Amino acid sequence: MLPRSIQNLIDEFAKLPSVGPRQAARFVFYLLNQPKEDMEKFAKKIFILKKVKTCSFCNRVVESDHDRLILCPICKNKDRDWAKICIVEKDTDIENLEKTKRYDGLYYVIGTEDENRQLVRLKELISRIKKSKKDLNEIIIATDATTEGETITLYAARCLDELKKIYPQLKITRLGRGLSTGSELEYMDEDTLTNALLGRK
Ligand SMILES: [Zn+2]
C-alpha cells in the first residue's frame with residue numbers, strides 16, 4: 001500500500017484525459033524526485049489557475065482577479081470587426097485561426113461538452129448578440145469536420161436562423177471543406193486553415 005498522500009495525487013492525475021492509473025503513478029514518482037522548489041513552482045501554477053475566468057462575450061479563457069464583466073483581448077480590441085463572429089469548439093481553435101492572420105472578427109467558444117450544454121451556449125450567443133446592438137453580417141461555423149462537429153453545425157444553423165429576422169443581411173457560413181472529413185482544427189496546418197477560411201460558404 002502506498003502512503004495516502006501519494007495515492008491521493010495518483011488518483012487526481014488519473015482523472016486527467018487519456019491518463020491511466022499507471023501513468024498517473026509515473027507522474028507522481030517523477031515529481032517526488034524533483035527538487036522541492038520545482039515541486040512548489042508546479043503546485044503554484046495549478047493553484048493560480050483559479051484566476052482563470054471566461055470572457056463575458058466569447059467564453060474564451062482569460063486571467064482575472066475579479067468576477068465582474070471580463071472581456072478577453074480579442075473582444076476588447078477595437079480594431080476587430082464586430083459584424084463577424086466565428087463559432088469554434090475550443091479555445092485552442094482560436095489560437096490556430098489567429099495564426100492564419102486571415103480573420104479579423106470575433107469568436108465564440110461553444111465548448112466540447114454534451115449537446116445540451118452547447119445548445120445553451122448557442123442561446124447565450126443569440127442573447128449576447130441582441131444585447132450588443134451592433135451590426136452583424138456573418139456568422140462562421142468553424143467546428144471540426146467530425147461527426148460531432150457536423151451535429152453542432154446543424155444545431156447552430158437552425159438556432160441562428162432566428163437572427164435573420166433582426167439582421168436580414170446576415171450570412172451563416174462554414175469553413176470550406178478543404179478540411180477533409182475527420183479532421184480537427186487543432187491539428188490543421190496554417191495553409192489548410194487559411195484555405196478553409198477563404199473558401200467558406
Ligand atoms: Zn472574448
Side-chain angles (χ1 to χ4, degrees), residues 17 45-146 148-149 151-153 155-164 166-167 169-175 179 184-188 190 193-194 196-198 200:
K45 281 178 189 159
I46 293 181
F47 185 72
I48 218 154
L49 280 180
K50 73 177 172 54
K51 272 174 69 173
V52 175
K53 312 280 160 55
T54 52
C55 171
S56 305
F57 181 79
C58 73
N59 300 326
R60 186 179 175 220
V61 288
V62 58
E63 243 178 45
S64 171
D65 287 320
H66 64 77
D67 284 315
R68 298 181 298 274
L69 184 87
I70 305 160
L71 288 177
C72 73
I74 294 181
C75 292
K76 250 194 252 174
N77 185 343
K78 298 216 164 49
D79 294 331
R80 306 286 303 207
D81 183 359
W82 271 78
K84 276 187 273 181
I85 296 171
C86 178
I87 297 179
V88 295
E89 290 174 60
K90 306 180 285 296
D91 278 68
T92 44
D93 296 338
I94 298 182
E95 313 300 322
N96 284 347
L97 286 161
E98 281 296 285
K99 274 188 217 154
T100 68
K101 299 192 172 67
R102 293 302 182 110
Y103 180 70
D104 63 350
L106 300 186
Y107 294 95
Y108 188 78
V109 183
I110 199 178
T112 49
E113 301 104 327
D114 58 293
E115 289 169 8
N116 287 333
R117 184 77 198 105
Q118 290 174 329
L119 201 61
V120 170
R121 287 242 167 124
L122 278 172
K123 290 194 174 135
E124 281 169 359
L125 171 64
I126 295 173
S127 74
R128 285 174 197 182
I129 289 173
K130 284 180 183 165
K131 243 189 252 162
S132 78
K133 295 198 172 67
K134 295 200 164 99
D135 281 342
L136 181 66
N137 295 328
E138 185 179 7
I139 295 182
I140 305 157
I141 305 173
T143 49
D144 290 340
T146 55
E148 298 86 55
T151 316
I152 308 165
T153 305
Y155 252 175
R158 219 180 303 148
C159 259
L160 298 169
D161 247 5
E162 73 161 273
L163 285 171
K164 285 190 179 159
I166 317 168
Y167 306 97
Q169 77 283 13
L170 176 67
K171 275 189 297 179
I172 296 172
T173 59
R174 55 189 297 192
L175 290 186
L179 309 182
E184 294 179 36
L185 253 62
E186 207 176 336
Y187 305 113
M188 223 154 278
E190 272 173 55
L193 256 184
T194 303
L197 256 178
L198 297 179
R200 65 186 189 261

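When a ligand or atom number is given, it counts from 1 through the structure's own listing order. Because the structure is predicted, anything quoted here is derived from the model rather than measured. Positions are given from 1, in the same order as the sequence printed here.
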Yes or no on side chain to side chain contact (heavy atoms under 4.5 Å, CB included) for Leu170 and Leu160, after CA distance, side-chain angles and deciding distance?
-> CA-CA 10 Å; Leu170 176 67; Leu160 298 169; 5.6 Å; no
How many N, O or S atoms of the protein are nearer than 2.8 Å to the Zn ion (ligand 1)?
-> 4
Starting from the C-alpha separation in whole Å, work towards a yes-or-no answer on side chain to side chain contact (heavy atoms under 4.5 Å, CB included) for Tyr103 and Leu193.
-> CA-CA 11 Å; Tyr103 180 70; Leu193 256 184; over 6 Å; no
Which of these passes side-chain hydrogen bond (donor to acceptor under 3.5 Å, both in side chains) with Lys84: Asp135, Thr173, Asn137, Asp104?
-> Asp104
Got more than 12 heavy atoms from elsewhere within 6.0 Å of CZ, Arg102?
-> no
Is the count of non-hydrogen atoms from other residues, nucleotides or ligands lying under 6.0 Å from Ile48 atom CD1 greater than 12?
-> no
What pairs with Lys76 under side chain to side chain contact (heavy atoms under 4.5 Å, CB included), at least two apart in sequence or on another chain?
-> Leu71
